[in-house]
Visitor: 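Sharing a structure below in C-alpha cells format, with a few things to ask.
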Amino acid sequence: MCAAKTTEVGTSILTNRYDNKGTAFTAEERQALAIRGRLPPRVETLDEQVARCLDQLRSFDKPINKYQFLATLHTANTTLYYALILASVEDSLPIIYTPTVGEACQKFGNIFFRERGMYIHSQYKGMIHELLEESCYKDVDVIVITDGSRILGLGDLGANGMGISIGKCSLYVVGGGVHPKRILPVCLDAGTNNESLRNSLHYLGTRTERLPEEEFYGILDEFMDAVKRVWPGAVVQFEDFSNNHCFDMLTRYQEKYRCFNDDIQGTGAVVSAGFLNAVRVTGKPVTDHKIVVFGAGSAAVGVALAIADLAVRLSDGKITKEEVIKTFYLVDTKGLVTNTRGDKLAAHKIALARTDIAAEDNAKFTTLEDVVKNIKPTALLGLGGVGPVFTEDIIRFVSSYCERPIIFPLSNPSSKSEVIPSDAYLWSNGKAIIASGSPFAGIEVNGTFCKPSQGNNMYIFPGIGMGCALAKPTYIPDSVIVTASARLYDLLTPEMLAAGALYPSITEIREISSHIATAVIMESQRLGLTTVELPKEYDALLAVVKESMWQAEYPNKQ
Ligand SMILES: NC(=O)C1=CN([C@@H]2O[C@H](COP(=O)(O)OP(=O)(O)OC[C@H]3O[C@@H](n4cnc5c(N)ncnc54)[C@H](O)[C@@H]3O)[C@@H](O)[C@H]2O)C=CC1
Ligand SMILES: CC(=O)C(=O)O
Ligand SMILES: [Mg+2]
C-alpha cells in the first residue's frame with residue numbers, strides 16, 4: 001500500500017468514532033496505519049483508558065459538563081464511551097439519562113457540536129425512503145423516535161428532544177447489548193408550540209408551530225413505511241410523544257409494524273412489576289389497596305392498566321381486571337377523574353374514570369389534597385410531571401393510618417419528582433416503600449438505611465427491544481409486554497425484597513435485559529409471531545441472547 005493511501009486510511013480510522021482506539025492502538029497498528037506521530041507515545045489498554053477517562057469525568061463539577069464530556073467521548077471513540085459507562089453504571093446513567101439528559105435537551109442548541117442520529121421533517125415529505133437509504137446507517141436493529149412534544153416533565157422541547165432519543169439509544173447498548181452501529185436515534189421535527197424556544201437564538205429545529213394532524217400523520221406514516229422497507233428487521237420505540245398522539249399512534253401502528261410506546265407500555269411494565277412487589281411487602285392483596293395516581297396522561301394510564309394486567313396474570317385469573325381497576329383514583333388538573341364531573345373526558349381516561357361518585361360529590365375531589373383526605377389511599381403514584389405535590393401534610397396523613405404506604409414519585413427529571421424520597425422517608429418515619437423515576441440518594445431513619453429503587457422504564461425497554469430485534473416478531477402484542485413485566489417482577493429475589501429493593505440493582509442491567517429479552521422471545525414464539533428460528537427452551541435461548549450482546553471491547557482485545 002502506498003504511503004499516501006495508508007495515511008488516508010489511518011486518518012479515517014482515527015476520525016471514525018466506531019473504529020478509533022485512540023491511545024490503545026499498538027505500536028504495530030500505528031505503524032501499519034501511518035499514524036505513529038499522531039498519538040501520544042504511551043500505549044494504553046482499554047481498562048487504562050477507562051480509568052483515565054473516569055478521572056476526567058469526575059473532575060467536572062456540573063452534570064451538564066459531564067454530559068458534554070461523555071458526548072465528546074462518544075464522538076471520538078464509541079467503544080471507550082460504552083466501556084466507561086459499563087464500568088460506572090451508577091455514576092454515569094444519571095448523566096447520559098435522567099436527570100441530566102433533561103437539562104441537555106433544554107440546552108440542546110447551546111451544546112450541540114456534532115451530528116448523531118437522523119432528523120425527519122416536513123420539508124422531506126415524499127423523500128423519507130431516499131433519506132434513510134442515503135444515510136450511513138446500513139443495518140438498524142432499534143430506532144427510538146420522538147417528536148419532542150413532551151420531553152420528560154419538561155414540556156414541548158421541539159427538535160431539542162433529540163437528546164432523549166440519543167439517551168435511550170445509548171441505554172440500548174449499555175443495557176441490551178445492541179451494537180452501537182445498529183441503534184438509530186431519530187428526531188421527528190414536527191415544529192414546536194414552545195414559542196420562547198422557537199424564538200431562541202440557538203434553536204436548531206424548524207421555527208414553525210406544530211404540524212396540523214394530517215401532515216403529522218402523513219410524515220409519520222411515510223417514515224414507518226420507509227423503515228419497514230429499508231430496515232425490515234428494526235424495532236421502533238415511540239418516545240415522549242404528547243398524549244394527543246401517543247395513544248392514537250399505538251392504535252394506528254401497533255399491529256402493522258414492530259413497534260411499542262415506551263411511556264405507555266414500557267413504563268407500565270416496569271412500574272407494575274415494582275408496584276406489585278411493593279404490594280407483597282404490605283402483606284395485603286392488591287385489591288385491598290386504594291391507589292391514588294397523580295396525573296392521568298400516557299404514563300399514568302399505561303401504569304394503571306399494566307398493574308391490572310400483571311395482577312391478573314400473577315393471580316392465574318383468580319382476580320379480574322375490573323376488580324383491580326376499581327382500586328385506582330386518577331387525579332388530573334380538574335381533580336378526581338370521574339364519569340360524572342361534567343366534562344368530556346379524553347378517550348384514554350375513560351376506562352379508569354371513577355363511576356361511583358355522584359355528580360354533586362365531585363366538588364369534594366377537586367385537588368390532590370381533597371382526594372387523599374377523602375379516599376385515604378394506601379398508595380400514591382406520581383406521574384403528573386409538575387414537581388413536588390406529595391407534601392409533608394399528605395405523606396404524614398397517609399402514614400398516620402397506613403402501616404406501609406407505597407409512595408412512587410415517578411415524574412422526571414428530579415426537579416419534577418412529586419417528592420424527594422429522603423423527605424418522604426423522614427415524614428413517614430421510615431415506613432414508606434418508595435420507587436422514584438429519577439435516581440435519588442437514600443437516608444438513615446431510625447437506624448435503618450432507606451434508599452429508593454428507581455422505577456424507570458430503562459429496566460424494560462432494552463430487553464423488549466433487544467428480544468424483538470433478535471426474534472423479529474411481525475408485531476409486538478400487549479401480552480408480550482405483560483410477559484416482560486412478569487419476568488422483571490420475578491427477577492426480584494426474596495432476599496432483594498427483604499433488603500428493601502423493588503428492582504434488582506441497575507448494575508445488573510445486562511443480566512436483567514437478557515432475561516427480559518428471553519421471555520419476550522418465548523412469548524412471541526408461543527403466539528407464532530417470530531420470523532427468526534431460535535431455541536425454544538429457556539436456558540438455550542438465554543445463552544443465545546447473551547451471546548448476541550455486543551461487548552465494549554476493541555476487535556483485537558487489549
Ligand atoms: N418513571 C418513568 O419511567 C417514567 C416517568 N414519566 C414521567 O411522567 C410524567 C408524565 O408523563 P406523561 O404521562 O407522558 O405526560 P402527560 O402529559 O401525558 O400526562 C400528564 C398528566 O398530568 C396531569 N397534570 C399536569 N399538571 C397537573 C396538575 N397541576 N394537577 C393535576 N394533574 C396535572 C395532566 O392532566 C396529565 O393527565 C413526566 O414527568 C414523565 O417524565 C413518564 C414515563 C416514564
Ligand atoms: C423515563 C421516561 O421515559 C420519561 O420520563 O418520559
Ligand atoms: Mg419517556
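As the structure lists them, so they are numbered: ligands from 1, and atoms in each ligand from 1. Side chains are part of it too, since the values below use all heavy atoms of this structure and drop only hydrogens, waters and symmetry mates. Just so it is clear, the structure is predicted and the values come from calculations on it, not from any experiment.
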Visitor: Any salt bridge between Asp263 and Arg150, counting N to O under 4.0 Å?
Guide: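 A salt bridge is present here (some side-chain N lies under 4.0 Å from a carboxylate O).
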Visitor: Relative to atom 11 (O) of ligand 1, which among Lys349, Arg150, Lys416 owns the nearest non-hydrogen atom?
Guide: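 Closest candidate by heavy-atom distance is Arg150.
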Visitor: Is the closest side-chain donor-acceptor distance between Tyr97 and Asn456 under 3.5 Å?
Guide: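 Yes, a side-chain donor-acceptor pair sits under 3.5 Å.
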Visitor: Which is the closest N/O/S atom of Asp240 when seen from the Mg ion (ligand 3)?
Guide: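 Atom name returned: OD1.
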Visitor: With the Mg ion (ligand 3) as the reference point, give the N/O/S atom of Glu239 that is nearest.
Guide: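 It is OE2 of Glu239.
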Visitor: Which ligand 2 atoms does Lys168 reach within 4.0 Å, using its non-hydrogen atoms?
Guide: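 Here the atoms of ligand 2 in question are 1 (C), 2 (C), 3 (O).
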Visitor: Closer than 4.0 Å to some heavy atom of Arg150 - which atoms of ligand 2 meet that?
Guide: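 Listed by number with element: 6 (O).
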Visitor: Given that the side chain starts at C-beta and the backbone is N, CA, C, O, which of these parts of Ile151 lies under 4.0 Å from ligand 2, counting heavy atoms, or is it both or neither?
Guide: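 Looking at Ile151 and ligand 2, no heavy atom falls under 4.0 Å.
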Visitor: Tell me, which protein residue and heavy-atom name are nearest atom 28 (C) of ligand 1, and how many Å apart are they?
Guide: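 Protein heavy atom with the smallest distance to atom 28 (C) of ligand 1: Phe294 CZ, 3.6 Å.
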Visitor: Taking atom types as modelled and ignoring hydrogens, do the side chains of His289 and Thr378 form a donor-acceptor contact shorter than 3.5 angstrom?
Guide: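 Result is yes, a qualifying pair exists.
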Visitor: When the ring centroid of Phe461 is compared with that of Tyr172, is the distance short of 6.0 Å?
Guide: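 Ring centroids of Phe461 and Tyr172 are less than 6.0 Å from each other.
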Visitor: Does the side chain of Ser479 come under 3.5 Å of the side chain of Glu523 through a donor N or O and an acceptor N or O?
Guide: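 The answer is yes; a qualifying pair exists.
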Visitor: Among all protein non-hydrogen atoms, which one is nearest to atom 27 (C) of ligand 1, and what is the separation to 0.1 Å?
Guide: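 In this structure, atom 27 (C) of ligand 1 has Thr333 CG2, 3.6 Å as its nearest protein heavy atom.
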Visitor: Are Asp361 and Arg354 ion-paired here, with the side-chain N under 4.0 Å from a carboxylate O?
Guide: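 The answer is no: the pair does not qualify as a salt bridge.
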Visitor: Return yes if some donor-acceptor pair links the side-chain N/O of Thr100 with the main-chain N/O of Ile96 below 3.5 Å, else return no.
Guide: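 No, because the side chain of Thr100 does not come within donor-acceptor range (under 3.5 Å) of the backbone of Ile96.
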Visitor: Please list, in number order, the atoms of ligand 2 under 4.0 Å from a heavy atom of Glu239.
Guide: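 This gives 3 (O) as the contact atoms.
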Visitor: May I ask which of Gly437, Gly297, Ser298 has a heavy atom nearer to atom 12 (P) of ligand 1 than the others do?
Guide: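 The nearest heavy atom belongs to Ser298.
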Visitor: Can you tell me which residue and heavy atom of the protein come closest to atom 5 (O) of ligand 2, and the distance to 0.1 Å?
Guide: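 Going atom by atom, the protein heavy atom closest to atom 5 (O) of ligand 2 ends up being Asn412 ND2, 2.8 Å.
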Visitor: Can the ring centroids of Tyr217 and His245 be said to lie less than 6.0 angstrom from one another?
Guide: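 That pair passes the under 6.0 Å test.
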Visitor: Heavy atom under 4.0 Å from ligand 1: found in Asn456's side chain, backbone, both, or neither?
Guide: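 For Asn456, backbone and side-chain atoms both sit under 4.0 Å from ligand 1.
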Visitor: Does atom 34 (C) of ligand 1 have a protein non-hydrogen atom under 4.0 Å from it?
Guide: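 When distances to the protein are checked, atom 34 (C) of ligand 1 has no heavy atom within 4.0 Å.
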Visitor: Please state whether the separation between the Mg ion (ligand 3) and some N/O/S atom of Asp263 is under 2.8 Å?
Guide: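 Under 2.8 Å: Asp263 contacts the Mg ion (ligand 3) through an N, O or S atom.
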Visitor: Given Tyr203 and Phe108, is the ring pair (Phe, Tyr, Trp, His ring centres under 6.0 Å) satisfied, shown in steps?
Guide: CA-CA 8 Å; Tyr203 182 58; Phe108 194 75; 9.2 Å; no
Visitor: Answer side chain, backbone, both or neither: which part of Asn457 comes under 4.0 Å from ligand 1, heavy atoms only.
Guide: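 Contact part for Asn457 vs ligand 1: both backbone and side chain.
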Visitor: Using modelled atom types and a 3.5 Å cut-off, is there a donor and acceptor pairing between side-chain atoms of Ser417 and backbone atoms of Ser414?
Guide: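 Pair absent, no side-chain N/O of Ser417 close to backbone of Ser414.
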Visitor: For ligand 2, which atoms, with element, lie under 4.0 Å from some heavy atom of Leu152?
Guide: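 Numbered from 1, ligand 2 contributes 4 (C), 5 (O), 6 (O).
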Visitor: Look up atom NE2 in His74 and atom CZ in Phe69, then write down how far apart they are to the nearest 0.5 Å.
Guide: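 Answer for the NE2-CZ pair, His74 versus Phe69, is 13.5 Å.
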Visitor: To the nearest 0.1 Å, how far is atom 44 (C) of ligand 1 from its closest protein heavy atom, and which atom is that?
Guide: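 Looking at atom 44 (C) of ligand 1, the protein heavy atom closest to it is Thr267 OG1, 3.0 Å.
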Visitor: Around atom 37 (O) of ligand 1, find the nearest protein heavy atom and jot down its residue, atom name and distance.
Guide: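 Residue, atom and distance for the closest contact: Ala296 N, 2.9 Å.
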Visitor: In the protein, which heavy atom is nearest to atom 8 (O) of ligand 1, and how far is it?
Guide: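 The closest heavy atom on the protein side is Leu383 CD2, 3.5 Å.
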Visitor: Pull out every atom of ligand 2 sitting under 4.0 Å from any heavy atom of Asp240, numbered as shown with elements.
Guide: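 Going through ligand 2 atom by atom, the ones under 4.0 Å from Asp240 are 6 (O).
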Visitor: With a 3.5 Å cut-off and no angle check, do the side chains of Asp370 and Thr366 form a donor-acceptor pair?
Guide: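 The answer is yes; a qualifying pair exists.
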Visitor: Can you tell me which portion of Met458 lies within the under-4.0 Å heavy-atom range of ligand 2? Options are side chain, backbone, both, or neither.
Guide: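 None of Met458 does.
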Visitor: Is there any N or O on Gly455 that sits under 3.5 Å from an N or O of ligand 1?
Guide: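 It does: an N or O of Gly455 is found under 3.5 Å from an N or O of ligand 1.
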Visitor: To the nearest 0.1 Å, how far is atom 23 (C) of ligand 1 from its closest protein heavy atom, and which atom is that?
Guide: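 Going atom by atom, the protein heavy atom closest to atom 23 (C) of ligand 1 ends up being Gly295 CA, 3.9 Å.
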Visitor: I'd like to know if the side chain of Thr146 reaches the main chain of Glu239, judged simply by a donor and an acceptor atom lying under 3.5 Å from each other, with no hydrogens or angles considered.
Guide: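 Yes: the side chain of Thr146 pairs with the backbone of Glu239.
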Visitor: Any side-chain donor-acceptor pair under 3.5 Å between Glu418 and Ser411?
Guide: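 Their side chains do contain a donor-acceptor pair, which is all the 3.5 Å distance test asks for.
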Visitor: Compute whether any side-chain donor of one residue and acceptor of the other, for Asn277 and Tyr503, lie under 3.5 angstrom apart.
Guide: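 Checked: Asn277/Tyr503 side chains show no N/O donor-acceptor pair below 3.5 Å.
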Visitor: Specify the protein heavy atom at minimum distance from atom 5 (C) of ligand 1: its residue, its atom name, and the distance to 0.1 Å.
Guide: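 Going atom by atom, the protein heavy atom closest to atom 5 (C) of ligand 1 ends up being Leu410 O, 3.2 Å.
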Visitor: Which atoms from ligand 2 have a heavy atom of Asp263 less than 4.0 Å away?
Guide: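 Heavy-atom distances to Asp263 below 4.0 Å select 2 (C), 3 (O), 4 (C), 6 (O).
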Visitor: Answer yes or no: is there an ion pair linking Asp262 with Lys168, defined by an N-O contact shorter than 4.0 Å?
Guide: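 Between Lys168 and Asp262 there is a salt bridge, with a charged N closer than 4.0 Å to a carboxylate O.
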Visitor: Which protein non-hydrogen atom lies closest to atom 17 (O) of ligand 1, naming both residue and atom, and how far is it?
Guide: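 Looking only at protein heavy atoms, the one closest to atom 17 (O) of ligand 1 is Asn243 ND2, 3.6 Å.
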Visitor: When you compare ligand 2 with Tyr97, is there at least one nitrogen or oxygen pair between them that comes in under 3.5 angstrom?
Guide: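 There is no such contact.
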Visitor: Mark up the atoms of ligand 1 that fall under 4.0 Å of a heavy atom belonging to Ala299, in ascending order.
Guide: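 Counting atoms of ligand 1 from 1, those under 4.0 Å from Ala299 are 12 (P), 13 (O), 14 (O), 42 (C), 43 (C).
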